[in-house]
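Small disclaimer: the values here were computed from a predicted structure and weren't measured. Here is how names work: the chains are called A, B, and so on, in the same order as the sequence lines, proteins then strands, and each is numbered from 1.
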Amino acid sequence: AAAEPRCPACAAAAERRLLEEAAKRQLLEKLRLRERPKLIHAVPRAAVARALRRLQAGGARRGPEEEEEEEERSYEIISFAEPEPRSPSGLGLRFQFSHTQDQDIHILQAQLWLYLRVPQDLVTSLTLRIFPAGGEGEVAGGNRTLLSEQQLRARGSGWHTLTLMPTLQSFFEGEGRTLRLELEGHGDGGDIMAMVNASWSHQPFLVAKARLREPGHHMAKR
Amino acid sequence: SLRCSQNSNLCCRRDYYVDFRDIGWNDWIIKPEGYQINYCVGQCPLHVAGSPGMASSFHTAVFNLVKANNIQASGHSCCVPTRRRPLSVLYFDRHSNIVKTDIPDMIVDACGCS
């Protein structure tokens, strides 16, 4: 700033630029990001608002374990489903998480929120299967590891919450970054695709509460 | 702790607010709308070492040490943050996931002389 010409307005502008750069650097460093994220696709505002309201309504109470380990940073992640081309037996919903190799992620809680549009007078039952999906094309056929399978009964339209905790923990320790869910309807459930993503303000999403430990954390503690 | 006014030169807290719209970051940071990047600035004459913003007993102890050891010439004190508070951030990551986290010690609330 000293090199800048001596005028009050210039000094103020120089200070503003300096502080804006400092603010950017501090935020990226504290959020452990190398650069600001470039958003590949925008999530509909309605879906964001609905997910945040859901999160607030079903806000997880803090267990003693979380209170005791307060200094480790915790994250709450909402991941919106990206629909995939229809697979033979249902609908694939792709979620993407990513964390760098040197971060040890410990999942505390994980839930899937699914909105099913079912005619009022109909009761349908579904089987939900969860697979890790590696590269883009590794979807159809091929030997996939079944992470979890759950039965679901739906009477009329509404949100359904499924706990995925044990599944996600093993998934996160592996190499995979994409989680793939498949739904299969039984009886005259009609078209699963129509049921799940009837409108994009009811986009399925995954809520995970995770805790991040840096390498050498315990050494620092000692 | 003191908040800087137009012409204060003693150690104080200068407030500065960066609006995320001004730096084009309001597309990926959902909340908050900006960041209060306060900072500490000003002189710390030795007789105010250890204040303000710290227990007055601490300042008295430091003041007595300075007098007793006659370190008026060599010792110096710096204007540093003495209290900070966390910042909760809700943002989109590169996969358009929404992430919420609380960053500890992010906003300077008070400054004092070390």
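With values rounded to the nearest 0.5 angstrom, Asp102(B) atom CG is found 6.5 Å from Ser74(A) atom OG. Rounded to the nearest 0.5 angstrom, Ile78(A) CD1 and Asp93(B) CG are separated by 11.5 Å. With rounding to the nearest 0.5 Å, the separation of CD1 in Ile23(B) from CD in Glu21(A) is 8.0 Å. Once rounded to the nearest 0.5 Å, the distance linking CD of Gln26(A) with CD1 of Ile37(B) reads 4.5 Å. Interatomic distance, Tyr16(B) OH to Glu15(A) CD, rounded to the nearest 0.5 Å: 5.5 Å.
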Pair Lys30(A)-Met106(B), side chain to side chain contact (heavy atoms under 4.5 Å, CB included): steps then yes or no: CA-CA 9 Å; Lys30(A) 296 281 186 178; Met106(B) 193 63 173; 3.6 Å; yes
Check against side chain to side chain contact (heavy atoms under 4.5 Å, CB included), Leu206(A) and Asn97(B): CA-CA 9 Å; Leu206(A) 195 70; Asn97(B) 296 322; over 6 Å; no
Audit row: Leu39(A), Arg94(B), side chain to side chain contact (heavy atoms under 4.5 Å, CB included) steps and yes/no: CA-CA 5 Å; Leu39(A) 303 186; Arg94(B) 60 194 171 97; over 6 Å; no
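Neither the backbone nor the side chain of Asp19(B) comes within contact range of chain A, judged by heavy atoms closer than 4.5 Å. With a threshold of 4.5 angstrom between heavy atoms, Ala22(A) approaches chain B through its backbone and through its side chain. Heavy-atom distances place the side chain of Leu33(A), and not its backbone, under 4.5 Å from chain B.
Within the 4.5 Å cutoff, the side chain of Ile98(B) has no heavy atoms near those of the Ile77(A) side chain. Leu27(A) places a side-chain heavy atom less than 4.5 Å from the side chain of Trp25(B).
The backbone N or O of Gly24(B) sits less than 3.5 Å from a side-chain atom of Arg36(A), completing a donor-acceptor pair. At distances below 3.5 Å, not a single donor-acceptor pair connects side-chain atoms of Ser96(B) with backbone N or O atoms of Phe80(A).
Smallest separation of non-hydrogen atoms from Val18(B) and Leu19(A): CG2-O, 4.1 Å.
Among Ile29(B), Val99(B), Ile103(B), the one residue that satisfies the side chain to side chain contact (heavy atoms under 4.5 Å, CB included) test with Leu31(A) is Ile103(B).
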